[in-house]
A.B. asks: 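If you scroll down you'll find the structure; I have some questions about it.
The sequence lines fix the lettering, A, B, ..., with proteins before strands; numbering per chain opens at 1.
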2 protein chains.
Amino acid sequence: MTHQSLHWEKEMWAAGHRVTRQRALILDAVCAADGHTSIGEVYARVRRVDTTIDRSTIYRALHLFVELELVLAADTGSGDILYEIRKLQPHHHLVCRDCGGEQEIGDAALRMMFDDVSRQHGFRVETDHLVMFGLCHECVRAREHHVVPGT
Amino acid sequence: MTHQSLHWEKEMWAAGHRVTRQRALILDAVCAADGHTSIGEVYARVRRVDTTIDRSTIYRALHLFVELELVLAADTGSGDILYEIRKLQPHHHLVCRDCGGEQEIGDAALRMMFDDVSRQHGFRVETDHLVMFGLCHECVRAREHHVVPGT
DNA sequence: CCGCTTGTCGCAAACATTGGCAGGATGAAG
DNA sequence: CTTCATCCTGCCAATGTTTGCGACAAGCGG
């Protein structure tokens, strides 16, 4: 069981929201992806179990989950927003501009940067999921091979 | 004149796109805001000059500008995407969760972090506009005053 | 188990965004 | 200046997302 089956119900309840069959299905669907997933995927996955569920319910539930921080929402730049079950420790994503590949990194490197920002600007950064774009190792090398050296 | 009036036409042309009256108006509208602005604002501003312009033209032009990196698109978390004219040097935004205020920072602190990521994960980060959430100085202090010490 | 209160769901309508197409504008060549 | 090929725009339709509302179900007290 990927998600905190025993926890999310409590958090939901503590925030004054009810635990419903639909919400459970939707959260399961997000977990089932075990990584980034889209609204469409969640909808399709939920539909396989319950064909009466409505799109608007998916939208509302996902917004709620994001608000309660049970689920992370990330804009990958390609326009559509991806959702992901929140893991216990913060992590961030590197998305390659060329191949589109994603890789996950811990937040050790970023924490130092956050501290710098805090010292220099008096701003306490609490972002726990950043998406950064760039070039992965393979694509950097691919470019170096294609680009004529010396230009 | 805020935007690089002489540059954007060249960049547009170099990328094989045409310089049209509509695109000029739309880019002007983005510049006029001189900061973050929304699609709706751009539309309203353009409409004041030319009432025949269509919404789809705004969408298409903004997408093009973002692709050419004349304009930055940022998801501030509140759901809607904000656009901003690209400045000459990269910068990033700190958005306060409590008061919603934004502050701009240079990329010195982040560049070191990018280098770390590059060394440790072989990923060359090229993101030049990050939005990070947290608490600004004032809101941190406000919280400390409200929270009963000793709990 | 039953009924009550209130939050949630499914439906449909409103609103936002994107795509196809025909006419019009742009930039280049004659 | 005129013509031409191409790209862009505006309109319309399709799609994606949000909202309002009556019916329904979750959680609570009997």
Side-chain angles (χ1 to χ4, degrees), chain A residues 5-6 8-30 37-68 70-71 73-83, chain B residues 5-6 8-30 37-68 70-71 73-83:
Chain A
S5 310
L6 308 168
W8 79 270
E9 306 185 351
K10 288 179 189 168
E11 293 196 30
M12 188 78 72
W13 178 75
H17 300 282
R18 290 185 181 165
V19 175
T20 67
R21 191 176 51 84
Q22 288 89 340
R23 285 176 179 162
L25 287 177
I26 294 167
L27 194 55
D28 278 343
V30 175
T37 186
S38 67
I39 288 233
E41 276 183 10
V42 171
Y43 180 66
R45 210 178 289 267
V46 169
R47 272 274 170 161
R48 252 175 262 150
V49 183
D50 179 345
T51 55
T52 71
I53 212 159
D54 193 74
R55 277 202 148 83
S56 60
T57 303
I58 310 277
Y59 283 104
R60 284 191 275 230
L62 283 178
H63 283 169
L64 179 62
F65 293 156
V66 170
E67 187 186 317
L68 298 183
L70 293 168
V71 168
D75 180 1
T76 62
S78 51
D80 37 24
I81 291 172
L82 296 185
Y83 297 88
Chain B
S5 310
L6 308 168
W8 78 271
E9 304 185 352
K10 289 178 188 168
E11 293 196 31
M12 187 77 71
W13 177 75
H17 300 281
R18 290 185 181 166
V19 176
T20 67
R21 191 177 50 84
Q22 287 90 339
R23 284 176 179 163
L25 286 177
I26 294 168
L27 194 54
D28 278 343
V30 175
T37 187
S38 67
I39 288 234
E41 277 182 9
V42 170
Y43 180 66
R45 211 179 288 268
V46 169
R47 273 274 170 162
R48 253 176 261 150
V49 183
D50 179 346
T51 55
T52 71
I53 213 159
D54 193 74
R55 276 202 148 83
S56 58
T57 304
I58 310 278
Y59 283 104
R60 285 188 279 230
L62 282 178
H63 283 168
L64 179 62
F65 293 156
V66 170
E67 187 186 318
L68 298 183
L70 292 168
V71 168
D75 180 1
T76 62
S78 51
D80 38 24
I81 292 172
L82 296 185
Y83 297 89

A.B. asks: With nearest nucleotides of DNA chain D determined for B:Gly16 and A:Ile39 from heavy-atom distances, which residue corresponds to the more 5′ nucleotide?
C.D. replies: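 This one resolves to B:Gly16.
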
A.B. asks: Within this structure, what is the CE-to-P distance between B:Met12 and C:dA25, rounded to whole angstrom?
C.D. replies: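 In whole Å, C:dA25 P lies 19 Å from B:Met12 CE.
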
A.B. asks: Using the side chain to side chain contact (heavy atoms under 4.5 Å, CB included) criterion, which residues pair with A:Ala15? Sequence neighbours excluded.
C.D. replies: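 A:Ala15 satisfies side chain to side chain contact (heavy atoms under 4.5 Å, CB included) with A:His17, A:Leu68 once adjacent residues are dropped.
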
A.B. asks: Between A:His17 (NE2) and C:dC9 (P), how many Å, whole number?
C.D. replies: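 Atom NE2 in A:His17 sits about 11 Å away from atom P in C:dC9.
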
A.B. asks: What is the distance, rounded to the nearest whole Å, between atom CZ of A:Arg18 and atom P of C:dT5?
C.D. replies: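 One finds 13 Å between P of C:dT5 and CZ of A:Arg18, rounded.
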
A.B. asks: Between side-chain atoms of residues 45-52 of chain A and protein atoms elsewhere (two or more places apart, or another chain), which donor-acceptor pairs fall under 3.5 Å?
C.D. replies:
from    : atom 1 : to      : atom 2 : distance (Å)
A:Arg47 : NE     : A:Tyr43 : OH     : 2.9
A:Arg47 : NE     : A:Ile53 : O      : 3.3
A:Arg47 : NH1    : A:Thr51 : O      : 2.5
A:Arg47 : NH2    : A:Tyr43 : OH     : 3.0
A:Arg47 : NH2    : A:Thr51 : O      : 3.4
A:Arg47 : NH2    : A:Ile53 : O      : 2.8
A:Asp50 : OD1    : A:Thr52 : N      : 2.8
A:Asp50 : OD1    : A:Thr52 : OG1    : 2.8
A:Asp50 : OD2    : A:Arg21 : NH1    : 2.8
A:Asp50 : OD2    : A:Arg21 : NH2    : 3.3

A.B. asks: Compare every heavy atom of B:Thr37 with every heavy atom of B:Val42, then report the nearest pair and how far apart it is.
C.D. replies: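 Where B:Val42 meets B:Thr37 most closely, the heavy atoms are CG2-CG2, 4.0 Å.
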
A.B. asks: In whole angstrom, what separates A:Arg23's CZ from D:dA25's C1'?
C.D. replies: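 Value for this atom pair: 12 Å.
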
A.B. asks: Does A:Leu64 form a side chain to side chain contact (heavy atoms under 4.5 Å, CB included) with A:Met12? I'd like the steps, not just the answer.
C.D. replies: CA-CA 9 Å; A:Leu64 179 62; A:Met12 188 78 72; 3.7 Å; yes

A.B. asks: Could you please spell out the steps behind the side chain to side chain contact (heavy atoms under 4.5 Å, CB included) verdict for A:Ile81 and A:Ile39?
C.D. replies: CA-CA 8 Å; A:Ile81 291 172; A:Ile39 288 233; over 6 Å; no

A.B. asks: To the nearest Å, how far apart are A:Trp13 CH2 and C:dG7 C1'?
C.D. replies: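 Atom CH2 in A:Trp13 sits about 15 Å away from atom C1' in C:dG7.
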
A.B. asks: Would you kindly give the OH-to-C1' distance between A:Tyr43 and D:dG16, to the nearest whole Å?
C.D. replies: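 One finds 12 Å between C1' of D:dG16 and OH of A:Tyr43, rounded.
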
A.B. asks: At under 4.0 Å, does any side-chain N or O of B:Gln22 touch on OP1 or OP2 of C:dA25?
C.D. replies: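 So the side-chain polar atoms of B:Gln22 never come under 4.0 Å of the phosphate oxygens OP1 or OP2 of C:dA25.
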
A.B. asks: Both A:Arg21 and B:Val19 contact DNA chain C. Taking the nearest nucleotide for each, which residue is further toward the 5' end?
C.D. replies: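 Comparing both residues, the 5'-ward one is A:Arg21.
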
A.B. asks: Which ones in residues 46-64 of chain A lie close to DNA chain D, meaning a heavy atom under 4.0 Å from one of its atoms?
C.D. replies: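 Result for residues 46-64 of chain A: A:Ser56, A:Tyr59, A:Arg60, A:His63, sorted by number.
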
A.B. asks: Which heavy-atom pair separates B:Tyr83 from B:Ala73 by the least distance, and what is that distance?
C.D. replies: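 For B:Tyr83 versus B:Ala73, the nearest heavy atoms are CE2-CB, 3.8 Å.
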
